[in-house]
K.L.:
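Okay, here's the structure, questions in a sec.
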There are 2 protein chains.
Amino acid sequence: MGARRGRTDAVLDRESPVPLYYQLAQNMETAIRQGRLSSGSHLENEIELARQLRVSRPTVRRAIALLANRGLVIRRHGIGTLVVPVRVRRPVRLSSLYDDLQEAGQTPSTRLLAREIVPAPAEVAGSLQLSRGTRVLHFERLRLATDQPIALMRNFVPLSLEEVVTEEGLKSAGLYQLLRQNGIHLRLASQTIGARSAQRREARLLKVPAGGPLLTMRRISYDDAGQPVEYGSHVYPAERYSFEMSVVADSRT
Amino acid sequence: MGARRGRTDAVLDRESPVPLYYQLAQNMETAIRQGRLSSGSHLENEIELARQLRVSRPTVRRAIALLANRGLVIRRHGIGTLVVPVRVRRPVRLSSLYDDLQEAGQTPSTRLLAREIVPAPAEVAGSLQLSRGTRVLHFERLRLATDQPIALMRNFVPLSLEEVVTEEGLKSAGLYQLLRQNGIHLRLASQTIGARSAQRREARLLKVPAGGPLLTMRRISYDDAGQPVEYGSHVYPAERYSFEMSVVADSRT
DNA sequence: AGAAACCAGTTGTCATGACAACCTGACATC
DNA sequence: GATGTCAGGTTGTCATGACAACTGGTTTCT
């Protein structure tokens with residue numbers, strides 16, 4: 001194995017419920033992010049990797065496909081698989097701001113500003129596939145990271161989730177975590193990112209000038225039965241928050 | 001085959017250079033978008049689909065995985081594959097605004113405002129992995145859709161691309177198309193979406209009030225050798241443009 | 001009636017095997 | 001030097017086969 005070729009130092013636990021391909025992908029991702037697989041280098045070829053790791057080549061391929069889809073490697077036909085610079089960030093996947101911040105090592109805290117049952121506004125009703133005016137649970141939170149407000153979040157969920165989305169829960173965890181803990185599996189979301197000027201209340205809460213620019217994000221999330229379970233409308237101070245993401249070309253995977 | 005089960009009516013061209021799994025995925029996607037596979041319905045099961053289409057089950061699985069990753073279906077273990085509502089939009093993939101608009105049926109037109117060789121500003125140089133002050137090609141365009149300005153776009157590319165990114169080309173096509181036509185394959189990008197207030201010139205060009213909110217997008221694109229080939233900084237009038245996307249949960253695919 | 005066990009149906013994982021397509025570098029030819 | 005050919009190396013596609021894991025419905029037991 002040439003010095004130019006990275007080695008994965010992978011340890012695959014064959015007793016684990018986590019699939020081999022996923023373990024391998026995670027191991028490789030960690031190696032890339034920690035610089036053990038340095039950017040600009042090529043992975044060992046698939047056949048050799050499969051031999052070394054004592055897994056089948058499709059298993060290796062599947063792990064690498066995961067990495068490619070996350071923008072961590074670029075595969076070229078006939079050439080090999082290139083590790084790319086990791087300034088390229090996170091793939092676009094459905095996650096919550098709470099989870100994101102935790103992952104980024106920023107301690108998120110939450111102020112619950114409101115939690116009430118309301119008739120669904122038209123757009124919320126439409127999005128949650130409810131009749132106009134159906135009662136839904138509405139809650140509003142101010143999220144802070146390192147004691148700076150970074151998001152004002154308004155959410156609506158069907159009333160059936162009232163006992164899942166408790167006041168206590170909302171204070172200590174993110175919404176998606178609460179849902180997950182109660183067996184609700186989010187699988188998909190429709191998302192719109194935009195911008196607008198801050199209204200007075202928002203400006204005050206987010207500590208931006210009135211009329212200053214806000215980044216906005218609206219999201220409708222669906223569970224694994226395809227049912228909409230959340231309508232969210234979040235605003236962020238533009239000076240302190242932006243969406244960073246890696247984007248991959250349509251690679252047929 | 002129950003009435004509840006969708007049928008794909010797929011026609012697979014085995015002589016085509018397009019892989020079977022990709023053809024199948026495209027056929028299914030078309031059927032979904034045209035309502036022939038109606039949302040809320042389940043696809044026929046994998047084994048049966050494979051039998052009907054005379055392909056292997058992994059080929060079917062791979063096509064379905066593509067759809068799942070695009071947010072068009074949700075797969076549930078033991079249950080089947082659910083077609084989801086197609087209000088859920090486009091997957092996040094590396095593409096250009098020009099291509100997007102064309103795809104959306106909006107006739108894009110372009111006004112080239114500037115094209116010049118300049119020393120790279122620090123951020124551009126850093127992003128394109130060039131020495132500070134290296135000369136690069138800078139160009140600025142105003143993009144209109146249905147005669148409304150919807151983007152002001154500033155881009156920088158390495159000087160080696162000077163003869164690819166011509167004045168004529170920029171007027172009639174998008175940048176990514178020009179690159180593609182010259183054998184440059186973009187594979188990955190790092191992207192930041194934010195917001196800010198419009199400066200006076202921008203406001204005039206985009207027909208928004210000075211100080212009004214703009215949606216911003218900065219992007220660094222990389223080719224298939226992992227080399228950065230484009231730095232782009234685009235601004236959009238918030239009232240007329242937003243990013244719509246579908247987002248999928250981390251599904252291990 | 002409620003809980004546990006069972007079963008059929010479906011997706012998920014993994015392996016083996018074969019061949020095609022692409023790419024690069026070396027070599028031959030003009 | 002430029003162009004063409006070819007072999008070796010690598011990724012890409014596809015098939016066959018086997019088994020595991022999950023789900024919901026049905027049956028059995030308490």
Side-chain angles (χ1 to χ4, degrees), chain A residues 1-2 4-6 12-26 41-69 73-83 183 185 187 223-225 250-253, chain B residues 1-2 4-6 12-26 41-69 73-83 183 185 187 223-225 250-253:
Chain A
M1 194 188 310
R4 226 181 100 255
R5 295 278 170 175
L12 299 176
D13 176 1
R14 288 171 196 258
E15 303 303 321
S16 169
V18 179
L20 294 177
Y21 76 87
Y22 197 77
Q23 289 182 51
L24 179 53
Q26 293 294 91
S41 67
H42 279 74
L43 295 188
E44 193 62 76
N45 78 59
E46 297 170 356
I47 293 167
E48 178 63 19
L49 276 177
R51 196 191 60 79
Q52 288 175 13
L53 297 166
R54 295 197 199 79
V55 293
S56 71
R57 188 178 154 222
T59 299
V60 168
R61 289 185 57 74
R62 191 153 177 206
I64 293 173
L66 252 197
L67 297 180
N69 222 37
V73 298
I74 292 174
R75 305 168 87 166
R76 281 178 76 189
H77 200 167
I79 296 190
T81 301
L82 176 71
V83 178
H185 306 285
R187 295 290 291 271
D223 68 9
D224 62 5
D250 190 354
S251 65
R252 292 177 170 181
T253 325
Chain B
M1 195 186 315
R4 226 182 99 256
R5 294 278 169 174
L12 301 177
D13 177 1
R14 289 171 195 255
E15 303 303 320
S16 168
V18 179
L20 294 178
Y21 75 86
Y22 197 77
Q23 290 183 51
L24 178 54
Q26 293 295 89
S41 66
H42 279 74
L43 295 188
E44 192 62 77
N45 77 61
E46 297 171 357
I47 294 168
E48 180 62 19
L49 275 179
R51 196 191 60 78
Q52 287 174 13
L53 298 167
R54 295 196 199 79
V55 294
S56 71
R57 187 177 153 221
T59 299
V60 168
R61 288 184 57 75
R62 192 156 175 202
I64 293 175
L66 253 196
L67 297 181
N69 222 37
V73 298
I74 292 174
R75 305 168 85 166
R76 282 177 75 189
H77 200 168
I79 296 190
T81 301
L82 176 73
V83 178
H185 307 285
R187 294 291 291 272
D223 70 7
D224 60 7
D250 189 353
S251 66
R252 293 177 165 179
T253 323

K.L.:
Whole Å only: how far is the CZ atom of B:R51 from the C1' atom of C:dT10?
P.N.:
16 Å

K.L.:
Kindly write out the residues that satisfy salt bridge (charged side-chain N to carboxylate O under 4.0 Å, His left out) with B:D223, not counting sequence neighbours, or none if the list is empty.
P.N.:
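Applying salt bridge (charged side-chain N to carboxylate O under 4.0 Å, His left out) to B:D223 gives none.
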
K.L.:
Please determine, for the side chain of B:N45, which listed nucleotide (C:dT10, D:dT13, C:dT13) has the closest atom?
P.N.:
C:dT10

K.L.:
Show the distances under 3.5 angstrom between N or O atoms of the protein and N or O atoms of nucleotides 18-21 of chain C.
P.N.:
residue	atom	partner	partner atom	Å
C:dA21	N3	A:H77	NE2	2.8

K.L.:
Heavy-atom nearest nucleotide on DNA chain C for B:E46 versus A:R14: which residue maps closer to 5'?
P.N.:
B:E46

K.L.:
State the OG1-CG distance between B:T59 and B:L24, to the nearest 0.5 angstrom.
P.N.:
8.5 Å

K.L.:
Identify which nucleotide among D:dT10, C:dT16, C:dT13 has an atom closest to any side-chain atom of A:P19, counting heavy atoms from C-beta outward.
P.N.:
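Looking only at heavy atoms from C-beta outward on A:P19, the closest nucleotide is C:dT13.
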
K.L.:
So which one's nearest nucleotide on DNA chain D is more toward 5', B:V60 or A:R76?
P.N.:
A:R76

K.L.:
Quick one: bend of the helix from C:dA1-D:dT30 to C:dC30-D:dG1 from 5 pairs per end, to 10°?
P.N.:
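End-to-end axis angle for the helix from C:dA1-D:dT30 to C:dC30-D:dG1: 10°, rounded to 10°.
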
K.L.:
Name all residues meeting the side chain to side chain contact (heavy atoms under 4.5 Å, CB included) criterion together with A:R14; count only those two or more places apart in sequence or in a different chain, and write none if there are none.
P.N.:
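By the side chain to side chain contact (heavy atoms under 4.5 Å, CB included) rule, A:R14 matches A:L20, A:R54, A:V55.
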
K.L.:
Run the side chain to side chain donor-acceptor pair (under 3.5 Å) test against B:E46 and tell me which residues pass, sequence neighbours left out.
P.N.:
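Result, side chain to side chain donor-acceptor pair (under 3.5 Å) vs B:E46: B:R57, B:R61, B:R75.
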
K.L.:
Please compare B:P58 and B:I47 by the position of their nearest nucleotide in DNA chain C and report the one closer to 5'.
P.N.:
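Going by which nucleotide is closer to the 5' end, it is B:I47.
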
K.L.:
Could you walk me through whether B:D13 and B:Q23 pass the side-chain contact (heavy atoms from CB on, under 4.5 Å) test, one step at a time?
P.N.:
CA-CA 8 Å; B:D13 177 1; B:Q23 290 183 51; 3.6 Å; yes

K.L.:
Considering only C:dT11, D:dT13, D:dT23, which nucleotide approaches the side chain of B:R62 most closely?
P.N.:
D:dT13

